[in-house]
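These notes concern the structure reproduced below.
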Amino acid sequence: MIGKTVKDDYIKLALKKDGKLKLILKGATELKNDQKIGVVSVIYITRDVELAKKQFEKLTKHKENDDFYMIYSCDEDTYLPELEHYPSIEISKEDLQD
């Protein structure tokens, strides 16, 4: 997973009041058929920066140990892989080990 400073920089960029969509992603590990897997989900979308901040603070304050949250900002009708950094969360092999 990315370091705290880099994460904080991405969050600041995502929370600009620019009319773009604000997406909150959640990364977590789960047990499925007795095997640990990584799951990344888009869990919140808004254009309202204040709502995005409040939701992000609420989620990170009450998160489980393995949960990881990130905010991204993008325009509608955008093919995300063409962006320099697009909404994604890396779940490493170490994250999946007990």
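Here the structure is a predicted model, which is why all the values come from computation and not from measurement.
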Counting N and O atoms only, with roles assigned by atom type, does the side chain of [X] sit under 3.5 Å from a partner on the main chain of [Y], one being a donor and the other an acceptor?
X	Y	value
Asp75	Thr78	no
Ser41	Ile43	no
Tyr72	Tyr10	no

Would you mind checking if Glu50 and Lys53 are paired as a salt bridge, meaning a charged N to carboxylate O distance below 4.0 Å? yes
Using the rule that Ile, Leu, Val, Met, Phe, Trp and Tyr join whenever any side-chain heavy atoms are under 4.5 Å apart, tell me whether [X] and [Y] fall into a single cluster.
X	Y	answer
Leu51	Leu15	yes
Ile45	Ile89	yes
Met70	Val42	yes

Heavy-atom closest pair, residues [X] and [Y]:
X	Y	answer
Ala28	Asp67	CB-OD1, 3.5 Å
Ala14	Ser73	O-CB, 3.5 Å
Leu59	Tyr69	O-CE1, 3.6 Å
Asp95	Thr29	O-CG2, 3.6 Å
Lys16	Val49	O-CG2, 3.5 Å
Leu23	Cys74	CD1-SG, 3.6 Å

Can you name the residues that form a side chain to side chain contact (heavy atoms under 4.5 Å, CB included) with Gln35, not counting sequence neighbours? none
Considering residues, nucleotides and ligands other than Lys26, do more than 12 of their heavy atoms fall under 6.0 Å from its NZ? no
Is the NZ atom of Lys63 crowded by more than 12 outside heavy atoms at less than 6.0 Å? yes
Roughly how far, to the nearest 0.5 Å, is the CG atom of Leu13 from the NZ atom of Lys20? 10.0 Å
Spacing of Lys58 atom NZ and Ile24 atom CD1 [to the nearest 0.5 Å]: 10.5 Å
What I'd like to find out is whether the side chain of Lys36 reaches to under 4.5 Å of the side chain of Asp66, using heavy atoms alone. yes
